[in-house]
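The model shown is predicted, which means the values in this text are computed figures rather than measured ones. For reference, positions follow the sequence shown, starting with 1. All ligand and atom numbering here is 1-based and tracks the order in the structure.
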Amino acid sequence: MRRHSILVTGGAGYIGSHVVRQLGEAGESVITLDNLSTGFEAAVLSGKFVLGDTNDSSLVARLLTEHAVDTVMHFAAHTVVPESVSNPLKYYANNTCSTRQLLEQCQRQGVKHFIFSSTAAVYGIPATGIAIETTPTLPINPYGTSKLMSEWMLRDLSTASDLRFVALRYFNVAGCDPYTRIGQSTPKATLLVKVACETAVGKRPWVAIFGNDYATPDGTGVRDYIHVEDLADAHLRALAYLRDGGNSDVFNVGYGHGYSVKEVLQMVENVSGVALTIKQEPRRAGDPPSLIANCDKLSSRLGWKARYDDLKTIVSSAYLWEQRLLKDPRGFIK
Ligand code: UD1
């Protein structure tokens, strides 16, 4: 019998490339499908790379059959919250409609397992600032809505067919792989840790704090920052869970505690030894004040354990990656 393979959409992107690398290290057969709109072929360290779109149904059908794919991991998406507010249809097209196209091919080709990159943004503004999987999903930006609609399609398709899925709701990812081979390389990045590290290495003149009047301890936004290695590992746990016959389900992926924007910037200054130029700006559209994960379900049901749960470790890793990009950007320039 032919060995089953895993199709990873968006495997050349930031999170996808870390998962592809970990899957390769675990001996899995992986095919990355990526249109390189934000990803880099150089970031794909394992398996086969195919240039193309998730909504190219004939290409997807061919890959699923040729490689005897039984698991799809779906990362390909737009992920910038403020952009989703200004251009919502871009997000519904790429995140929601493309997921539907992909799922149709999965159903036709009899894919058994589907692991979906969802987001903490599906929760909107949880009353306590802490989200558990049963917290009502009330997204406050089109990015979160576009992902939640995909979760609903998965829920309904898994009821109507043999496909089983895990949706992982990511909190705020940062950091790079332990050997600084891959990391977040997106041009015009918007994520706080990356922006602050780019400022520390001199790529940007300053970093902004968006809002200092939130009802949080220091007035700035609080998030649950998770190291990309731990986030990637959750995908391998989800794969093992589905292969063991686990039911379709949704899991938060974070550490269960948060840091404010000011605390993150302070840590970047400590790690880099650079005094950042910081500008105070108004609140950014679509931002909740505080968003922290309850991750008990991930640990208890998938056996996931955090290995890098420390802000200094996360920021140091992200800073190392920015230094590497500065010195040796080969393969990571757009
Ligand atoms: C959001 C999503 C997250 C998604 C990510 C991808 C939510 C709640 N979360 O994260 O699921 O994976 O986008 O883009 O929608 N900040 C600054 N200055 C900056 C950048 C950010 O002050 O230059 C602040 C933000 O206002 C926020 C915090 O830092 O309070 C984190 O922002 P960011 O890193 O952009 O991530 P989220 O928007 O939380």
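The atoms of ligand 1 that sit less than 4.0 Å from any heavy atom of Ile209 are 22 (O). Within ligand 1, the atoms closer than 4.0 Å to a non-hydrogen atom of Gly221 are 30 (O), numbered from 1 in the order shown. In the vicinity of Leu291, heavy-atom distances shorter than 4.0 Å reach the ligand 1 atoms 8 (C). Every atom of ligand 1 with a heavy atom of Tyr170 under 4.0 Å away is listed here by number and element: 11 (O). Close approach of ligand 1 to Asn141 is summarised as follows: ligand atoms under 4.0 Å from at least one heavy atom of the residue are 15 (O). Interface of Tyr225 with ligand 1, defined as ligand atoms under 4.0 Å from a residue heavy atom, comprises 28 (C), 31 (C).
From the protein, the heavy atom lying nearest to atom 11 (O) of ligand 1 is Thr119 OG1, 2.3 Å. Regarding atom 18 (N) of ligand 1, its nearest protein heavy-atom neighbour is Ala208 O, 2.7 Å. The protein atom (non-hydrogen) at minimum distance from atom 23 (O) of ligand 1 is Phe210 CE1, 3.6 Å. Protein heavy atom closest to atom 20 (C) of ligand 1, with residue, atom name and distance, is Thr190 O, 3.3 Å. Atom 14 (O) of ligand 1 has as its closest protein heavy atom Thr79 O, 2.5 Å. What sits closest to atom 34 (O) of ligand 1 on the protein, heavy atoms only, is Leu192 N, 2.7 Å. Of all protein heavy atoms, the one closest to atom 25 (C) of ligand 1 is Asp287 OD2, 3.4 Å. Distance from atom 7 (C) of ligand 1 to its nearest protein heavy atom, with residue and atom name: Ala121 CB, 3.6 Å.
At most 12 non-hydrogen atoms from other residues, nucleotides or ligands lie less than 6.0 angstrom from NZ of Lys305.
Here the shortest heavy-atom pairing between Leu59 and Gly52 reads CD2-CA, 3.9 Å. The shortest non-hydrogen separation linking Gly10 to Phe75 is O-CB, 4.0 Å. When all heavy atoms of Ser17 and Ala43 are compared, the pair lying nearest together is CB-O, 3.4 Å.
Heavy atoms of Pro288 approach ligand 1 to within less than 4.0 angstrom.
Note that the CG atom of Asn35 and the OG atom of Ser98 stand 9.0 Å from one another [nearest 0.5 Å]. Here the CG atom belonging to Asp70 is positioned 6.0 Å from the NE2 atom belonging to His113, to the nearest 0.5 angstrom.
Between the choices Arg223, Glu198, Arg284, Glu281, the shortest heavy-atom distance to atom 38 (O) of ligand 1 belongs to Arg284. Among Val81, Asn172, Val261, the residue whose heavy atom lies nearest to atom 37 (P) of ligand 1 is Asn172.
Figure legend: Arg283 and Tyr214 shown as a cation-pi pair, the cationic atom lying under 6.0 angstrom from the six-membered ring centre and within 45 degrees of its axis.
Residues near Leu138 contribute nothing to a hydrophobic cluster around it, because no ILVMFWY side-chain heavy atom sits closer than 4.5 Å to its side chain.
Using a 4.0 Å cut-off between heavy atoms, Tyr143 contacts ligand 1 through its side chain alone, with no backbone atom that close.
Ionic pairing of Arg169 and Glu133 is not present here: no N-O contact between side-chain nitrogen and carboxylate oxygen is shorter than 4.0 angstrom.
Scanning for salt bridge (Lys or Arg N to Asp or Glu O under 4.0 Å) contacts around Lys194 gives Glu198, Glu322, with sequence neighbours left out.
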Gln107 vs Leu163, side chain to side chain contact (heavy atoms under 4.5 Å, CB included): CA-CA, chis, key distance, verdict: CA-CA 7 Å; Gln107 184 180 22; Leu163 180 136; over 6 Å; no
